[in-house]
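Throughout, a chain's letter reflects where its sequence line sits, starting with A, and its residues are numbered from 1. Just so we're clear, the structure is a prediction, and the values are computed from it rather than from any experiment.
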Amino acid sequence: METFQQKNIRKRKLKNSILHIVLASIIVFSIIMLLLLLYQVFSEGLSRLSWSFITSMPSRFPDRAGIASALAGSIWTIGLTIIFSVPLGVGTALYLEEYANQKSWWTKLLQLNIANLAGVPSIVYGMLGLAVFVKFLHFNRSILAGALTLTLLILPVIIVASQEAIKSVPSPLKEGSYALGVSKWQTIVGVIVPYAAPGILTGSILAVSRAMGEAAPLIMIGAAGYISFLPKSPLDSFTVLPIQIFNWTSRPQAEFAEIAAAGIIVLLVLLLSMNAIAIVLRNKYQNRMD
Amino acid sequence: MKSLTKKIVTLLTFALVAPIVLTACGGQTATGLEGEIRIDGSSTVFPITEAVAEEFIGLNPDMQIPVGVSGTGGGFKKFIAGEIDIADASRPIKDEEAAAAKAAGIEYLELTVAFDGLSVIVNKDNTWVNNLTTDQLKMIWEPGSKVQTWKDIDSSWPDEKIKLYAPGTDSGTFDYFTEEINGESGAIRQDFTGSEDDNVLVQGIAGDKNAIGFFGYAYYEENKDKLKIVSINDVKPSPKTIEDGTYTPLSRPLFIYVNKASLDKKEVMEFLKFYIENAKDLATEVGYIQLPAKMYDDQLKLLK
């Protein structure tokens, strides 16, 4: 005869294993979807991937077409976006967490706005970029205008992620620093930023990866679909990988779908190597802290 | 920390200096033509302009010709703002756009570069539709259309629900079709599947026995084995019927609009001459239909 407690325990164990199965199948499902996607892209694009594909300019002949200009454009745009967005984002987060009066209505309003901006669709940032950077500041359809637009797009994400990382710095560490008579700025540079660096880096890299995959806001500000030269300065016209890929997928000829897949592989490799850099940097900081 | 900062500074310096050095080492002009021609506009015209730019740059390596794809409307906006030299357009300029250009002091030249035959397409297994009249098309697509099944169009056709596919509302293709068939640009019934990507329409129609849709002839040409093309008013679209104008009203001209102020620049003038002289071959190569030879001569005369 089972007691009430035994029954109860059995029931809880059953619930536990059901949930286990449900959660496991969810992750299996997402991995299968990812693998399917990768399989399709690789089976279609791998044969088109070659050194000359990387170093050639786009062409109306799929056999001769390459992604040199789009790759260079992407690297330029993302490079500038990182230079603009990370210092601005981390700076804002430090101000909000360490300097601003948390209780004032002004800070609360700022917080609310940043959280809302993180959810604004990217095309809206494209329109903003078109009005402010392209027309008002006369940067025209340049890499600079594109990078600034993408900066606006990912800034809220970087700020929110950095804030979370800064919040997670244990207060005994900070207080220990203050107790030694160290100034606020020195505490930030010497204690808070190094401790929060892994979190800040993870957030920033995720945000930058998102920027790398954006096409819509850049089409809005007038990034070109066909570029046959490598950009030489931030004021040059440009195109980026996602636009070039989109452009190829919308062609009627099946060969263009294949080179689009090859372009996707290049974009994936670029994204993965950025993530790898982030992981290396993160581990470096984490080891130092431990 | 120190060494990392140092590395970053070195990298940044390199990134800033390298382009300057590279520019300085750049090759000398072979033909004397250099500069930038800025083009934007229709994604339908894009493949032709891209092909022309590719060939032109092959002959004049110091030219830079970025071609954008903001759509016909988006291209005209930039054109009116004076940001670009040439606008690709898959429909003629609208009255309000022409008025805005005038107000902004922009004078322009319209050049026709090729034809595109908008094709009405059904599924391969559709045995009953071979021909539609313009009136029947209007019956199907007009706003508030009563057509729900094939039988509603012709009583001898099956009593099965008709599925509609059309290009996205931002495209010149959509504007042109609605203008020609429904009499007003943008006027259309609401219950259709739309996509900015014509390949999606191809997939949709190929996989649905009761589907009907329309898109550019090039997309039919590439997917002939999967689709069936419908004659309009008893004329089947083909390069011949589109070129000689018997396929009507869905054969449409494709244009480029040139800012007259840009014509003073030698490189723009040369590019345009090259464009018209080679449009015949290049347009055909990327899937469009050439104009009759006489029309190209007329365009060249317009330029001079």
Which heavy atom in [X] sits nearest to a heavy atom in [Y], and how many Å separate them?
X	Y	result
A:Ser237	B:Glu36	OG-OE2, 3.0 Å
A:Gln253	B:Val286	NE2-O, 3.8 Å
B:Asp40	A:Arg141	OD2-NH1, 3.1 Å

Given heavy-atom pairs under 4.5 angstrom as the criterion, report whether the side chain, backbone, both or neither of [X] touches chain A.
X	result
B:Glu83	side chain
B:Ile39	backbone
B:Asn199	side chain
B:Phe46	side chain
B:Ile65	backbone

To the nearest 0.5 Å, tell me how far [X] [atom1] sits from [Y] [atom2].
X	Y	atom1	atom2	answer
B:Lys78	A:Lys135	NZ	NZ	7.0 Å
B:Glu285	A:Phe61	CD	CZ	4.0 Å
B:Glu54	A:Met57	CD	CE	11.5 Å

Who among [options] has the most heavy-atom pairs with chain B under 4.5 Å?
options	result
A:Asn140, A:Val134, A:Thr249	A:Thr249
A:Ser69, A:Ala254, A:Gly225, A:Ala223	A:Gly225
A:Pro58, A:Pro252, A:Gly222, A:Gly79	A:Pro252

For [X], I'd like to know if atom [atom1] has over 12 heavy atoms of other residues, nucleotides or ligands within 6.0 Å.
X	atom1	answer
B:Lys280	NZ	no
B:Lys124	NZ	no
B:Lys228	NZ	yes

Let's test your reading of the structure: which of [options] forms the most heavy-atom pairs below 4.5 Å with chain A?
options	value
B:Ala53, B:Ser70, B:Gly216, B:Gly75	B:Ala53
B:Glu221, B:Gln64, B:Met63, B:Glu55	B:Gln64
B:Pro47, B:Ser43, B:Ala81	B:Pro47

Any Lys/Arg nitrogen of B:Glu222 or A:Arg251 sitting under 4.0 Å from an Asp/Glu carboxylate oxygen of the other?
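No, this pair does not count.
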Where does A:Ser228 contact chain B at under 4.5 Å (heavy atoms): side chain, backbone, both or neither?
side chain
Under the criterion side chain to side chain contact (heavy atoms under 4.5 Å, CB included), which of B:Val69, B:Thr49, B:Val67 is the partner of A:Tyr226?
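Only one of B:Val69, B:Thr49, B:Val67 forms a side chain to side chain contact (heavy atoms under 4.5 Å, CB included) with A:Tyr226, namely B:Val67.
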